[in-house]
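A quick write-up on the structure given underneath.
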Amino acid sequence: QVQLVESGGGLVQSGGSLRLSCAASGRTFSAYVMAWFRQAPGKEREFVARIHRSGGTYYTDSVKGRFTISRGNAKRTVYLQMNSLKPEDTALYYCAAVYSLTDYTSSAYNRGSQYNYWGQGTQVTVSS
């Protein structure tokens, strides 16, 4: 069983930065694919970024060049550094995890259905 706890959300002006953190319980954190998803009011949940066992990273097009996902295996934490924030980045951000036996990567990991552990979410609001 893995528990995920997000933190770091808040209110920021357009062009500003925030760093989200997701602390995970469990002893095999390094074997998990970790991801960030977000859901804006009235919209479906969408994939933001993911990081695999080897450190390989993938992003949705709208955040490429602005967001960076990273992981600290010793601290069992995954981070999302968000720069040049835009009002359209406003959403509830969720951390998600799924155990992976290998470092196999696939676009299937962009789907929320691939993940079986979720945090409670942290709100990010970007004002114009």
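Quick caveat: nothing in here was measured; it's all calculated off a predicted structure.
- Summarising the geometry of Val33 relative to Ser100, their closest heavy-atom pair is CG2-CB, 3.8 Å, with the distance given to 0.1 Å.
- With a 4.5 Å cut-off on side-chain heavy atoms, Leu80 and Arg38 do not count as touching.
- When atom types are taken as modelled, the side chain of Ser25 and the backbone of Gln3 share a donor-acceptor pair closer than 3.5 angstrom.
- The cluster map of Ile, Leu, Val, Met, Phe, Trp and Tyr, joined by side-chain heavy atoms under 4.5 Å apart, puts Val2 and Met34 in the same cluster.
- When all heavy atoms are compared, the tightest approach of Ser17 to Gln81 is CB-NE2, 4.0 Å.
- Atoms CG and CG, from Leu11 and Leu18 in turn, are 9.0 Å apart once rounded to the nearest 0.5 Å.
- For the atom pair Ser84 OG and Lys86 NZ, the distance stands at 8.0 Å (nearest 0.5 Å).
- Using a 4.0 Å cut-off between a side-chain N of Lys or Arg and a carboxylate O of Asp or Glu, Lys64 and Asp61 qualify as a salt bridge.
- Contact between Ser70 and Val78 at its shortest, heavy atoms only, is O-CG2, 3.1 Å.
- Within a 6.0 Å sphere centred on OH of Tyr104, heavy atoms belonging to other residues, nucleotides or ligands number 12 at most.
- The heavy-atom pair separating Ala91 from Ala40 by the smallest distance is CB-N, 3.8 Å.
- In terms of hydrophobic clustering, with Ile, Leu, Val, Met, Phe, Trp and Tyr side chains grouped at heavy-atom distances under 4.5 Å, Val12 and Val63 are assigned to a common cluster.
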Could you walk me through whether Leu4 and Tyr94 pass the side chain to side chain contact (heavy atoms under 4.5 Å, CB included) test, one step at a time? CA-CA 9 Å; Leu4 304 174; Tyr94 295 93; over 6 Å; no
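- In this structure, Arg76 forms no cation-pi arrangement with Phe29, as its terminal cationic atom is not both closer than 6.0 Å to the ring centre and no more than 45° off the ring axis.
- Side-chain contact between Trp36 and Cys22 is present, with at least one heavy-atom pair separated by less than 4.5 Å.
- With rounding to the nearest 0.5 angstrom, the OG atom of Ser62 is 8.5 Å from the CD atom of Glu88.
- Taking the six-membered ring for Trp and the full ring otherwise, Phe37 and Tyr115 have centroids separated by under 6.0 Å.
- Interatomic distance, Ile69 CD1 to Tyr59 OH, rounded to the nearest 0.5 Å: 6.5 Å.
- You'll find the side chain of Thr90 reaches within 4.5 Å of the side chain of Gln123, heavy atoms only.
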List the steps and the verdict of side chain to side chain contact (heavy atoms under 4.5 Å, CB included) for Met82 and Val124. CA-CA 10 Å; Met82 305 186 295; Val124 172; 3.8 Å; yes
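- Rounding to the nearest 0.5 Å places OG1 of Thr125 at 9.5 Å from CG of Leu92.
- In plain terms, the two heavy atoms of Tyr79 and Gly72 that are nearest each other are CE1-N, 4.1 Å.
- In this structure the side chain of Tyr117 reaches within 4.5 angstrom of the side chain of Tyr32, judged on heavy atoms.
- Using a 4.5 Å cut-off between side-chain heavy atoms of Ile, Leu, Val, Met, Phe, Trp and Tyr, with links allowed through other members, Tyr93 and Ile51 fall into the same hydrophobic cluster.
- The closest donor-acceptor contact from the side chain of Glu6 to the backbone of Gln120 lies under 3.5 Å.
- The distance from atom CZ of Arg45 to atom OG of Ser113, rounded to the nearest 0.5 Å, is 8.0 Å.
- Cluster annotation: Phe67 and Val126 are assigned to the same hydrophobic cluster (Ile/Leu/Val/Met/Phe/Trp/Tyr, side-chain heavy-atom contacts under 4.5 Å, transitive).
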